[in-house]
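See below for the structure under consideration.
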Amino acid sequence: MKIHNIRKLLERRKELRTNQTPQEEKLWWYLKNKRLGFKFRRQYSTGGYILDFYCKEKRLIIEIDGKVHDTKEAREYDKIRDKFFIELNYKVLRFKNSEIENDAKKVIEKIKSFLQ
């Protein structure tokens, strides 16, 4: 059964890539073109979920959480989603928008330390 980049999510993935948040744009600048030594994809899907950023080689998912993730319902949804990925042997790193806005270099250092 195919779980990566399911065709029915193709248009939504394209839309999300076209309409990135400023924080996604900022982090993507650091991740693209193997700047950290590994290939990352953006708006990649696994299962029925669309990931902000994904490194296949390290099985790493990076999610950026805006204010929409602050509700109880969203936190529960994120827990279920993260559990799904962990069961598939992926590592999930989550960062808040404010972390990227206020200290992107610290975020990059956290990502680098995982990649080593």
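Across all their heavy atoms, E63 and I50 have their closest contact at OE2-O, 4.3 Å. Heavy atoms only, all atoms of each residue included: Q23 and I64 are closest at O-CD1, 3.9 Å. Contact between I6 and R13 at its shortest, heavy atoms only, is O-NH1, 3.0 Å. Counting all heavy atoms, side chain and backbone alike, R42 lies closest to Q20 at NH1-NE2, 2.8 Å. Taking every heavy atom of both residues into account, D52 and I62 meet most closely at CB-O, 3.3 Å. Here the shortest heavy-atom pairing between L9 and S45 reads CD1-CB, 3.8 Å.
Partners of E15 under the side chain to side chain contact (heavy atoms under 4.5 Å, CB included) rule, at least two apart in sequence or in another chain, are R12, N19. Not a single side-chain hydrogen bond (donor to acceptor under 3.5 Å, both in side chains) links Y30 to another residue, sequence neighbours left out.
Taking the six-membered ring where the residue is Trp, Y90 and F85 present perpendicular rings, their angle passing 60° and hence far from 30°. Under the 30°/60° scheme for interplanar angles, the aromatic rings of W28 and F53 are found to lie parallel.
Each of K96, R75, R94 was checked for a salt bridge (Lys or Arg N to Asp or Glu O under 4.0 Å) with D65, and the lone residue meeting it is R94.
We find the CZ-CG distance between F114 and L60 to be 5.0 Å, quoted to the nearest 0.5 Å. To the nearest 0.5 Å, atom CD of residue E57 and atom CZ of residue F40 are 9.5 Å apart. Atom CG of N97 is separated from atom NZ of K26 by 11.0 Å, given to the nearest 0.5 angstrom.
L51 is connected to Y77 through a chain of hydrophobic side-chain contacts under 4.5 Å among Ile, Leu, Val, Met, Phe, Trp and Tyr, so both are in one cluster.
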